[in-house]
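Just follow the structure's listing: the first ligand is 1, and inside any ligand the first atom is 1.
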Amino acid sequence: MLGYVGIEAVLDQLKIKAMKMGFEFNIMVVGQSGLGKSTMVNTLFKSKMWKSTMPGLGVPTPQTLQLQSVTHVIEESGVKLKLTVTDTPGFGDQINNDKCWDPILGYINEQYEHYLQEEILITRQRHIPDTRVHCCVYFVPPTGHWLRPLDIEFLRRLCRTVNVVPVIARADSLTIEEREAFRHRVIWAPGTSLGSVGVWSGGECTGGLRSSVCGPQIQENLKTHGIEVYPQQCFDEDINDKILNSKIRERIPFAVVGADQEHIVNGRCVLGRKTKWGIIEVENMAHCEFPLLRDLLIRSHLQDLKDITHNVHYENYRIFRLNESHV
Ligand code: GDP
Ligand code: MG
């Protein structure tokens with residue numbers, strides 16, 4: 001019988017390699033105009049995780065007229081992350097919103113195509129630059145009612161192409177009860193309330209915001225539309241994934257508030273929205289769930305989002321394109 005070989009040393013090698021290579025991660029924000037997408041891009045870049053490395057923004061957000069990407073390289077404890085956020089013009093302003101998803105889906109597929117063209121070269125780059133969208137954050141208007149048919153149509157198409165995390169936009173306009181009721185109407189997965197597992201900090205933060213009502217009829221309602229947002233149940237690999245992801249599914253869509261201005265609250269500098277009644281702090285879980293969104297994207301599920309993009313969404317595209325070119 002073999003004695004101890006020490007194969008776990010491979011873990012150190014993987015870590016060193018990953019630190020040398022760094023990570024590329026691409027997010028896209030999508031939704032009707034005026035829901036706070038551009039503000040959220042700034043919120044993500046200004047939030048406390050890497051605030052000190054970001055240049056001051058502070059200028060009012062102009063209306064987004066075309067797709068535009070902002071990239072920042074963030075370095076923390078020797079790990080480099082090249083984070084790109086693609087902002088998109090709002091849709092839904094036209095009388096006829098038919099095909100308003102075309103430019104967005106077109107962009108996502110174009111990135112798959114770039115990657116495919118590089119990958120099929122005989123002499124190819126050792127590292128193919130990755131511009132594929134790893135996660136699309138979809139802004140749902142805070143109507144407090146059901147999802148609108150336009151959002152359902154959009155989401156249905158989007159979920160087939162890319163990982164989608166829906167959020168309730170401008171959540172400060174809803175009461176806590178309205179947020180909860182809306183969330184449960186919007187989403188289907190009842191999930192299970194088990195003890196805290198994994199690194200997703202949302203498991204720890206109850207903040208008095210939860211309720212457990214979720215009608216199976218709603219579950220059926222969205223299922224019939226074939227909308228499966230991230231983290232998709234069918235990709236849970238083991239029981240730990242299942243437990244952790246169920247907790248996330250239970251809380252999605254996160255009710256978020258965006259802000260790009262800093263204020264002093266009790267001697268602390270916070271990112272928030274100043275209103276007549278006080279400051280809504282974006283980092284404060286008692287005020288909104290922006291921290292859950294940021295943690296999911298950048299902290300706990302970054303690699304999983306990349307893996308699903310590569311192994312599922314890009315793979316579907318690749319199979320489709322290669323079949324197409326061989327007929
Ligand atoms: P976009 O069209 O989706 O990119 O929306 P913008 O980011 O340009 O924001 C439109 C307006 O909504 C601006 O006046 C923002 O200051 C405001 N806004 C953005 N996020 C929020 C939010 O979470 N709550 C509230 N009340 N207003 C917001
Ligand atoms: Mg905008």
Side-chain angles (χ1 to χ4, degrees), residues 26-48 54 56-72 84-94 97 100-101 103-104 107-108 133 135-144 147-148 150-151 154-155 158 164-176 178-180 182-183 186 207 209 251-263 265 270-297:
N26 308 315
I27 300 172
M28 187 185 216
V29 291
V30 175
Q32 193 178 318
S33 58
L35 289 181
K37 296 182 296 300
S38 302
T39 308
M40 186 53 67
V41 174
N42 291 345
T43 312
L44 266 170
F45 281 122
K46 288 197 97 181
S47 70
K48 72 172 175 216
M54 289 302 123
L57 296 160
V59 282
T61 317
Q63 191 177 6
T64 320
L65 300 174
Q66 58 188 29
L67 272 137
Q68 57 195 46
S69 299
V70 189
T71 299
H72 284 295
T84 299
V85 185
T86 303
D87 196 359
T88 61
F91 60 81
D93 297 337
Q94 280 71 39
N97 289 305
C100 59
W101 37 78
I104 308 285
Y107 175 85
I108 296 168
V133 177
C135 184
C136 182
V137 179
Y138 188 90
F139 286 63
V140 174
T143 59
L147 276 181
R148 304 168 311 166
L150 180 61
D151 291 313
F154 210 126
L155 280 166
L158 215 49
V164 178
V165 173
V167 294
I168 300 173
R170 303 178 68 132
D172 48 318
S173 61
L174 296 172
T175 66
I176 288 174
E178 284 167 342
R179 274 187 207 177
E180 285 309 303
F182 188 36
R183 191 199 317 266
V186 169
L209 289 173
R251 301 195 71 144
I252 278 180
F254 303 127
V256 298
V257 173
D260 50 15
Q261 303 288 317
E262 284 164 348
H263 307 274
V265 176
V270 299
L271 199 55
R273 302 192 71 79
K274 192 171 182 181
T275 70
K276 239 179 169 175
W277 305 275
I279 290 169
I280 306 164
E281 300 170 32
V282 300
E283 303 271 3
N284 188 334
M285 273 298 292
H287 295 190
C288 81
E289 295 171 337
F290 167 76
L292 299 187
L293 173 69
R294 188 203 42 213
D295 281 2
L296 177 80
L297 298 180

Using distance alone, decide if ligand 1 has a nitrogen or oxygen within less than 3.5 Å of any nitrogen or oxygen in Arg273. yes

Those atoms of ligand 1 less than 4.0 Å from some heavy atom in Val257: 23 (O)

Yes or no: does Gly34 have any heavy atom under 4.0 Å from an atom of ligand 1? yes

Any side-chain heavy-atom pair of Leu150 and Trp101 under 4.5 Å: yes

State, yes or no, whether a side-chain contact exists between Val137 and Val256 at a heavy-atom distance under 4.5 Å. no

Can you name the atoms of ligand 1, numbered from 1 with element, that are less than 4.0 Å from a heavy atom of Lys37? 1 (P), 2 (O), 3 (O), 4 (O), 5 (O), 7 (O)

Nearest heavy atom to atom 15 (C) of ligand 1: which of Val30, Val282, Thr39 does it belong to? Thr39

When you compare the side chain of Val133 with that of Thr86, does any pair of heavy atoms fall below 4.5 Å? no

Straight-line distance of Thr143 OG1 to Ile168 CD1, nearest 0.5 Å: 9.0 Å

Which segment of Met40 sits under 4.0 Å of ligand 1 when only heavy atoms are counted: neither

Under 3.5 Å: N/O of Val256 near N/O of ligand 1: no

If you count the atoms of ligand 1 from 1 in the order shown, which ones are under 4.0 Å from a heavy atom of Ser33? 2 (O)

Side chains of Val30 and Val164: does their closest heavy-atom pair fall under 4.5 Å? no

Mind running side chain to side chain contact (heavy atoms under 4.5 Å, CB included) on Val167 and Glu289 for me, showing each step along the way? CA-CA 9 Å; Val167 294; Glu289 295 171 337; over 6 Å; no

Atom CG in Asn26, atom OG1 in Thr84: separation rounded to 0.5 Å? 5.0 Å

The Mg ion (ligand 2) to nearest N/O/S of Thr39 below 2.8 Å: no

